[in-house]
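Note sheet for the following structure.
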Amino acid sequence: MATTPNYGWVTPAPSNFVTNLPADFETFADAADATVKALNPGTTAGDLDYYTSGTAKSRLAIGTAGQVLKVNAGATAPEWGTVSGGGYTLISTTSLTAGTSVTLSSIPSTYKHLFLTISGLTCSGNDDIWIRFNSDTGSNYTGIDFNDASSGGAFNLSRLLFSDFASANADKSAGELFISDYLDTTQYGKILRYNYFGKNTAGTQKYRFGQGYYQGTSAISSLTFQTASGSVTFSTGTLKLYGIS
Amino acid sequence: MIIIHNVETNEIIEREPTAEELAQLAIDQAEATAIKEAKAAKEAARQTLLERLGITADEAKLLLG
């Protein structure tokens, strides 16, 4: 008997003396049937099949609603997965209604950049607001800023000055902080951009915007907002943290 | 009071500062005071120069373009 070249199905060779053709045909057909089925492993509407070798296939059951086809982590097979949202994803919302220090901890390491907004802020009195990352008190913060009266800033401080005119003014203040590459572990890899608008106690409109960097060599996993005095408290306000993919 | 918001679990802890944190606050305040004093000294020097030149701050801005 002979065999077919690709799948080895048994078949009478031209030189064979056939004694039981129906039996030979049944053997051939059963083998062909098994091969065809193996190459079409689907069992349910929506199934996909993919090659696991040069001659074998496997079944990929249909995914759940909204999923897309992608390659698995080992780059060995396709799989269904959830689409990354991209853009800005709200991680947390925190009320600034008490305390002199508010820390956002356990910041996920699944984004590329962080964006923080403060809105509707008032404090119990006049004070500066400083920012610290990872409770790092080293001289790792640099911020160069411009405001309505002058420019200034400093290199290598132990925290970042975010506002120097937070107040109890009922016309609330607002600001933003953008941290690029917050997971970067190189010394100058995390760039900061920030701005702050509001009124001081005298009712004078003020603005402040600046740029700087954080020299700490750990990924940022926590952020602390604190009043400089340690006695002036947050009265109103909302702090929102966004992750940017 | 210190507030800690774990953004992963959404747990919020409110507590008083530790002795270590209060000590750090004193260090932070000393640094902030030094920065403000340096800024005030710079502003005073600027004012002295303007007065010596006999021009206002706005006139200085015009000069410097």
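All chains are named by letter (A, B, ...) in the order of the sequence lines, taking the proteins before the strands, and each is independently numbered beginning at 1.
Of the listed residues (Pro108(A), Ser222(A), Ala98(A), Ser135(A)), the one with the most heavy-atom contacts under 4.5 Å to chain B is Ala98(A). Contact count versus chain B (heavy atoms, under 4.5 Å) is highest, among Ile107(A), Val102(A), Leu241(A), Ile91(A), for Val102(A). In terms of heavy-atom pairs under 4.5 angstrom with chain A, the leader among Asp28(B), Ile35(B), Ile2(B) is Asp28(B).
Listed in order of number, the residues of residues 11-25 of chain B that approach chain A to under 4.5 Å between heavy atoms are Gln24(B), Leu25(B).
Contact annotation: the side chain of Leu60(A) approaches that of Leu69(A) to within less than 4.5 Å [non-hydrogen atoms, C-beta and beyond].
Inspection of the Asp184(A) and Thr186(A) side chains reveals an N or O donor paired with an N or O acceptor under 3.5 Å. For the residue pair Thr122(A) / Thr236(A), a side-chain donor-acceptor distance below 3.5 Å is found, with atom types taken as modelled.
Note: Tyr196(A) and Phe165(A) meet the aromatic proximity criterion, with ring centroids under 6.0 Å apart.
Under the side chain to side chain donor-acceptor pair (under 3.5 Å) criterion, Tyr214(A) pairs with Asp136(A), not counting sequence neighbours.
Note that the CZ atom of Phe133(A) and the CG atom of Leu192(A) stand 5.0 Å from one another [nearest 0.5 Å]. Once rounded to the nearest 0.5 Å, the distance linking CG of Leu121(A) with CZ of Phe225(A) reads 9.5 Å.
For the pair Gln29(B) (side chain) and Ser229(A) (backbone), a donor-acceptor distance under 3.5 Å is present.
For Leu157(A), the parts lying under 4.5 angstrom from a heavy atom of chain B are both the backbone and the side chain.
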